[in-house]
Amino acid sequence: MGVRGMNTELDHIGIAVREIESALVAYREALGLSLDAIETVPEQGVKVAMLALGPAHIELLEPTDPDGPVGKFLAARGEGIHHISLSVPDLPAALAAARAAGLRLIDETPRTGAGGKLIAFLHPKSTHGVLIELSQRGEPRS
Ligand code: ZN
C-alpha cells in the first residue's frame, strides 16, 4: 500500500559509464534517445549527460574523480545501473514516510543535486539492492 497522495513518478535512471562519448553511440545513435544536456557536477566528481526517454530520462554518469561515488562504483562493480530516481511533489514528506517505514536514509535532509533540484538518497540495503534517489518535482533549475 502506497502513501496516499505521494504521486511518485519515475524521473530518471542513472547509469555509470566509463565515457559518455562512447555511451552516446548506444543510447543516442543506436537507441535514438535525444541528448538534452551535458553538465559537470564537481561536488559529486561526475560528468552527467541527460537523454530524454518519454517523460523520463536516462542519466549517463561518467566519473571525473576516481574517489567520488560514481568513480568508486565503477571500480567496484563496473558499468551498469547506478540508481533509479523517483520524483515526488513533497520531498520532506517522502523522507518522513521512508523514515517511518524503517528505511535507512543516506541523506537525512534534502540537498541540492544536478540541475539545482532538491534530492535525497535512500540506502540500497533498505530498497532491495537498488540505490534510490528521491527528487522534488517542480523545483526551478538553477
Ligand atoms: Zn540521478
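We count ligands from 1, going down the list as the structure has it; atoms in each ligand are counted the same way.
- When the shell of 6.0 Å around CZ of Phe73 is examined, it contains more than 12 heavy atoms from other residues, nucleotides or ligands.
- For His12, the N, O or S atom with the smallest separation from the Zn ion (ligand 1) is NE2.
- Partner of Ile132 under the side-chain contact (heavy atoms from CB on, under 4.5 Å) criterion, chosen from Ile106, Leu103, Thr127: Thr127.
- Inter-residue side-chain proximity for Arg99 and Glu108 is flagged as met; some heavy-atom pair is nearer than 4.5 Å.
- When the Zn ion (ligand 1) is compared with the N/O/S atoms of Glu133, atom OE1 turns out nearest.
- Within 6.0 Å of the CZ atom in Arg18, the count of heavy atoms belonging to other residues, nucleotides or ligands exceeds 12.
- Here Glu59 contributes OE1 and His83 contributes NE2, and at the Zn ion (ligand 1) these two atoms make an angle of 90°, given to 10°.
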